[in-house]
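The structure under discussion appears below in the form of structure tokens.
The shown structure was predicted, so the numbers you read here are calculated from the model rather than taken from an experiment. Numbers here are sequence positions counted from 1. We count ligands from 1, going down the list as the structure has it; atoms in each ligand are counted the same way.
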Amino acid sequence: MVPKVRKAVFPAAGLGTRFLPATKAQPKEMLPLVDKPLIQYGVEEAIRSGIQNIIIVTGRGKSAIEDHFDVSFELEHLLESRNKMETLAIVRDISDMINVAYVRQKEALGLGHAVLRARELVGREPLAVVLSDDVIYSEVPCLRQLLDVYEFFGASVLALMEVPSDNISAYGVVEAEPVSHNGEEDRVFRIRNLVEKPKPSEAPSNLAIIGRYVLTPEIFDSIEAIEPGSGGEIQLTDALKHLLCSRPIYGYRFQGTRYDAGDKLGFLKATVEFALRRKDLGGEFREYLKGLEL
Ligand code: UTP
């Protein structure tokens, strides 16, 4: 029996330099996409995937994230007294649905280093890792898609996406072979090697790792074992490479659309597309866009 994944770690302690000055005093995970902070999309994805225990790794701007997922008595009282019950439900829903714990990464020493901060809270259990600046729109939540593969193989699973060669050096890239699974030949991959931010000429494939992972607990030993890598940071990709020496790792080319909302252009694309999909805003917003002289 494969152990159930009950906890999701949300690293949110990066410096967000691509989004300055907006991220000078608040984490990029609090930037709103239409009307919800990025991190809430990730948390809702975890909930829809069956995970309610959320561990957030914070750096600066900790209080904004904590306050967001906490009860706001003043605000709730005000909404109640004005009989704004729908808005009240929106404000309450998210904090009612999850157990949140916070752990601090004092210095932004890399994604691997951030994940390692959650070790005590995770214990010897498998975990999900969600980078909430990767916002994913899909019918079946991306994390659920990964969990299904994890539950079948009982091994770590990374979300993969095809990326054009001129963008590949922004990602961790895998060397992998397809594995036939559930009648599909090109979704599940057995990973053979991983390279962090390769030059296009040195990329082992066009399959990049994006911000959703299901990991077995041995990943923590691997993170502890590695030295700083690309950019002088403790990279999760390097730890995965270390883990690969002793455990199998799979990749899943997930179904859905991923937006890099930690990047200005990616954030704008996500904002427009999420707004267009909204029942309450989409119609009017579409008309507005059509009227623009482009
Ligand atoms: P990014 O690679 O996007 O880095 O981190 P960043 O520092 O946040 O942003 P830029 O590139 O300077 O604009 C990927 C994820 O890992 C977290 C970030 O918060 C983000 O969710 N992270 C990164 C940490 O929690 N700690 C770190 O030391 C680095």
Residue selection (non-hydrogen contact nearest atom 20 (C) of ligand 1) among Glu29, Arg18, Glu233: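 Ranked by closest heavy atom to atom 20 (C) of ligand 1, first place is Glu29.
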Residue selection (non-hydrogen contact nearest atom 24 (C) of ligand 1) among Gly110, Gly14, Gly42, Ala12: Gly14
Atom 2 (O) of ligand 1 protein-contacted (non-hydrogen atom, under 4.0 angstrom):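 No, no protein heavy atom sits under 4.0 Å from atom 2 (O) of ligand 1.
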NZ (Lys36) with more than 12 external heavy atoms under 6.0 Å: yes
CD (Glu74) with more than 12 external heavy atoms under 6.0 Å: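 No, CD of Glu74 has 12 or fewer neighbouring heavy atoms, counting only those of other groups under 6.0 Å.
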Geometric N/O contact Ala13 with ligand 1, under 3.5 angstrom: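 Yes; the residue has a nitrogen or oxygen that sits under 3.5 Å from a nitrogen or oxygen of the ligand.
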Sub-3.5 Å N/O-N/O distance, Leu111 and ligand 1: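 So ligand 1 has no N or O lying under 3.5 Å from an N or O of Leu111.
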Identify the closest protein heavy atom to [atom]: which residue and atom is it, and at what distance?
atom	value
atom 7 (O) of ligand 1	Leu15 N, 3.0 Å
atom 12 (O) of ligand 1	Thr17 OG1, 2.5 Å
atom 14 (C) of ligand 1	Leu131 CD1, 4.1 Å
atom 26 (N) of ligand 1	Gln105 OE1, 2.7 Å
atom 5 (O) of ligand 1	Lys28 NZ, 4.3 Å

Numbering as shown, the atoms of ligand 1 that approach [X] to under 4.0 Å (heavy-atom distance):
X	value
Ala114	24 (C), 25 (O), 26 (N)
Ala108	28 (O)
Asp133	3 (O), 20 (C), 21 (O)

Distance under 6.0 Å and angle within 45° of ring axis: Arg277 vs Tyr137: yes
His181/Tyr252 aromatic ring centres below 6.0 Å: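 No, they do not, as the ring centres are separated by 6.0 Å or more.
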Stepwise side-chain hydrogen bond (donor to acceptor under 3.5 Å, both in side chains) check, Glu218 with Thr216: CA-CA 6 Å; Glu218 300 80 25; Thr216 55; 2.6 Å; yes
Non-hydrogen side-chain atoms of Ile191 and Leu158 separated by less than 4.5 Å: yes
Beyond-backbone contact of Glu45 with Val130, side-chain heavy atoms, under 4.5 angstrom: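 In short, these two side chains do not touch, never coming nearer than 4.5 Å.
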Residue portion contacting ligand 1 (non-hydrogen atoms closer than 4.0 Å) for Glu107: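 The answer is neither.
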Parallel, tilted or perpendicular: rings of Tyr259 and Phe274 (30°, 60°): perpendicular
Ligand 1 contacted by Leu109 (non-hydrogen, < 4.0 Å):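 Right, Leu109 reaches ligand 1.
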Residue-ligand contact His113/ligand 1, heavy atom below 4.0 Å: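 Under 4.0 Å: no for His113.
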Among Lys84, Arg82, Arg92, the one residue meeting salt bridge (charged side-chain N to carboxylate O under 4.0 Å, His left out) with Glu76: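 Of the listed options, the one satisfying the test is Arg92.
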Glu151 vs Arg144, salt bridge (Lys or Arg N to Asp or Glu O under 4.0 Å): CA-CA, chis, key distance, verdict: CA-CA 10 Å; Glu151 282 163 13; Arg144 185 63 254 163; 3.2 Å; yes
